[in-house]
Colleague: 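One structure follows; several queries about it will come next.
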Amino acid sequence: MKKILLEENEIPKHWYNILPDLPSPLEPPLDPQTNQPMNPEKLKALFPEALIEQEMSQERWIPIPQEVLEVYSIWRPTPLIRATKLEEYLDTPAKIYYKYEGIAPPGSHKPNTAVPQAYYNAKEGIKKLTTETGAGQWGSSLAFAGQYFGIQVKVYMVKVSFQQKPYRRVLMETWGAKVIPSPSPYTKSGRKILQEDPDNPGSLGIAISEAVEEALENPDTHYSLGSVLNHVLLHQTVIGLEAKKQLAKVKHYPDIIIGSAGGGSNFGGLALPFMIERLSGDSCTRFIAVEPYSCPTLTKGEYRYDFGDTVGFTPLMKMHTLGHDFIPPSIHAGGLRYHGMAPIISKLYDEGLIEAVAVKQTEIFKAAVDFARTEGIVPAPESAHAVKVAIDEAIRCRETGEPKVILFNLSGHGLLDLTAYQKFFEGELSD
Ligand SMILES: *Cc1c(COP(=O)(O)O)cnc(C)c1O
């Protein structure tokens, strides 16, 4: 069986919250003004109460609201696919499975959290959400979600991506959002950066500063973040919970779980539900987060408190970071150009429960093309990081003869990233 499906009524009814199960508690976010643990009251200027509660909740299972399940059912459950053609091509005894999140209307895993975030904000009477986007995956997901709940979405898009990826901007506008290249002249944060460097290509950190600034200054406006935070990883656990049911149908359990890691949400979404058995000592599954060589947050970053944005508006979070003023090179996997890593993933990495690998841009496109020529699906450049390491692990199985079960997250399709593929074919990509 190549494609393992679930019925619509098998969409999980709860998200899995790993906070009560972590080997040691997460360090609290700190208030940037006092350096003391953040007062949740202060977060209400940015987030609805329901999400602030989820951010700190010690409940293991959190019910998914009916309204959210209804929107999820447009594309969920997503298929789990056995990569039989890739296995044949690699001549490996490994069994490779991928969870395909690219079938969501915006083309990635990101609407799994955009939909509940828009829902909880609307329920609290919020009319407008600001956010940042790199490659446009997050902005388009929030634009898509906003429409269902009557929310106007304004997206600060990293300037280099705004120029490299015009189609995602059109997609956001199709779903009714307003898109602004960042750094922009419309916020104090943007103006400050443009004064120092008019050609600044932008970064997620800068775009976050602009979006947060606007939300702080307008009472009917909240801010929405597409990765990193605990509640985002929580919402993404629908991926791993579904994958677990699907693998159980074919009586398999993964030996290796792989995901690309930008802020850690698609990796966490797939991995955390399987971490339950690893933490209880019932499995020895390996978890591998794959990051770009040019933005090596886990493999080269420090584990310390840092800001989530460039200017320093956000609470300080204990995480692996390259420094909040780090501006990564303009690689094509725009969704992986973030200086920090989710505190949950950082903690698990620090505890030795997950591994991290950094891979180069040309290697990931080579893997992506092999994948497209065997499995048919053209991966997003971000997802291609996971494809690359899944292939490497499958080749290792060929060498050792071990029939391991490899599961990876194909977090999105690359049909709006074909310029990057074109550059790869023309030999114009650099590492
Ligand atoms: C945004 C994005 C990522 C990286 O973000 P995470 O929060 O680390 O998941 C990976 N893949 C795709 C397709 C994305 O859009």
Side-chain angles (χ1 to χ4, degrees), residues 78 98-114 117 131-144 155 157-158 161 165 168 171-172 204 207-208 224-240 257-272 287-292 295-298 308 319-320 328 331-346 348-349 354 356 358-359 364 368 371 377-389 408-417 420:
T78 62
Y98 57 96
K99 183 71 168 154
Y100 185 41
E101 291 295 307
I103 67 162
S108 76
H109 66 289
K110 291 201 168 79
N112 295 333
T113 184
Q117 290 196 40
T131 195
E132 72 293 334
T133 199
Q137 296 273 26
W138 170 241
S140 52
S141 299
L142 195 64
F144 161 82
V155 184
M157 184 171 190
V158 176
S161 300
K165 313 205 170 191
R168 286 231 172 74
L171 191 56
M172 288 185 259
L204 279 175
I208 295 174
S224 182
L225 189 64
S227 188
V228 181
L229 299 180
N230 301 344
H231 67 262
V232 176
L233 272 64
L234 171 79
H235 301 152
Q236 292 295 354
T237 59
V238 284
I239 304 172
I257 293 179
I258 300 165
S260 64
S265 77
N266 87 85
F267 172 68
L270 180 66
L272 299 183
F287 298 87
I288 310 175
V290 190
E291 54 189 19
C295 191
T297 316
L298 286 170
M319 60 182 177
H320 282 82
I331 54 163
H332 281 278
L336 305 181
R337 296 172 76 242
Y338 184 62
H339 68 270
M341 183 56 62
I344 289 175
I345 301 301
S346 296
L348 291 168
Y349 182 66
I354 64 183
V359 294
I364 67 111
F371 189 80
I377 299 170
V378 178
E382 293 85 359
S383 318
H385 287 69
V387 174
K388 160 72 182 149
V389 171
F408 76 89
N409 201 349
L410 193 66
S411 51
H413 70 65
L415 295 179
L416 291 179
D417 304 282

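We count ligands from 1, going down the list as the structure has it; atoms in each ligand are counted the same way. All residue numbers refer to positions in the sequence shown, counting from 1.
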Colleague: Which atoms from ligand 1 have a heavy atom of H109 less than 4.0 Å away?
Modeller: 2 (C), 3 (C), 9 (O), 10 (C), 11 (N), 12 (C), 14 (C)

Colleague: Quick one: look up the protein heavy atom nearest atom 15 (O) of ligand 1 and list residue, atom name and how far away it is.
Modeller: K110 NZ, 2.6 Å

Colleague: Answer yes or no for E101: is there a heavy-atom contact with ligand 1 below 4.0 Å?
Modeller: no

Colleague: To check you understand the geometry: which heavy-atom pair defines the closest contact between P111 and A104, and what is its length?
Modeller: CG-CB, 3.7 Å

Colleague: Quick test: of every protein heavy atom, which one is nearest to atom 8 (O) of ligand 1, and how far off is it to 0.1 Å?
Modeller: G262 N, 2.7 Å

Colleague: Between L225 and E132, is a side chain to side chain contact (heavy atoms under 4.5 Å, CB included) present by the stated rule, with each step listed?
Modeller: CA-CA 8 Å; L225 189 64; E132 72 293 334; 3.2 Å; yes

Colleague: Report the C-alpha distance between T113 and H235 in whole Å, list the side-chain angles of each, state the deciding distance to 0.1 Å, and finish with yes or no for side-chain hydrogen bond (donor to acceptor under 3.5 Å, both in side chains).
Modeller: CA-CA 5 Å; T113 184; H235 301 152; 2.8 Å; yes

Colleague: For G263, is at least one N or O under 3.5 Å away from an N or O on ligand 1?
Modeller: yes

Colleague: Under 4.0 Å from a heavy atom of E382: give me the atoms of ligand 1 that qualify, with their elements.
Modeller: 10 (C), 11 (N), 12 (C)

Colleague: Can you report which non-hydrogen protein atom sits closest to atom 12 (C) of ligand 1, along with the distance?
Modeller: S411 OG, 3.4 Å

Colleague: Going by the atom numbers of ligand 1, which of them fall below 4.0 Å from some non-hydrogen atom of G412?
Modeller: 13 (C)

Colleague: Any atoms of ligand 1 less than 4.0 Å from a non-hydrogen atom of L336? List them with their elements.
Modeller: 4 (C)

Colleague: For Q137, counting its heavy atoms only, list the atoms of ligand 1 lying under 4.0 Å from any of them.
Modeller: 13 (C), 15 (O)

Colleague: Less than 3.5 Å between some nitrogen or oxygen of G264 and one of ligand 1, yes or no?
Modeller: yes

Colleague: Do Y100 and L410 come within less than 4.5 Å of each other through their side chains, counting heavy atoms only?
Modeller: yes

Colleague: A side-chain contact here means heavy atoms from C-beta on lying under 4.5 Å apart; do F267 and N409 qualify?
Modeller: no

Colleague: Identify which of V290, N266, V232 has a heavy atom lying nearest to atom 10 (C) of ligand 1.
Modeller: N266

Colleague: Quick one: does ligand 1 sit under 4.0 Å from the side chain of Q236, the backbone, both or neither, non-hydrogen atoms only?
Modeller: neither

Colleague: What atoms of ligand 1 come closer than 4.0 angstrom to any heavy atom of S383?
Modeller: 13 (C)

Colleague: Test side chain to side chain contact (heavy atoms under 4.5 Å, CB included) on L336 and E291; report intermediate values, then the result.
Modeller: CA-CA 7 Å; L336 305 181; E291 54 189 19; over 6 Å; no

Colleague: Which heavy atom in S346 sits nearest to a heavy atom in H320, and how many Å separate them?
Modeller: OG-N, 2.9 Å

Colleague: Between N112 and E101, is the side-chain hydrogen bond (donor to acceptor under 3.5 Å, both in side chains) condition met? List the steps.
Modeller: CA-CA 9 Å; N112 295 333; E101 291 295 307; 3.1 Å; yes

Colleague: Within the 4.0 Å heavy-atom shell around A261, which atoms of ligand 1 are there?
Modeller: 8 (O)

Colleague: For the residue pair S265 and H109, what are the closest heavy atoms and their distance?
Modeller: OG-NE2, 3.3 Å

Colleague: Which atoms from ligand 1 have a heavy atom of S227 less than 4.0 Å away?
Modeller: 6 (P), 7 (O)

Colleague: Report yes if some heavy atom in the side chain of K388 is under 4.5 Å from a heavy atom in the side chain of I258; otherwise report no.
Modeller: no

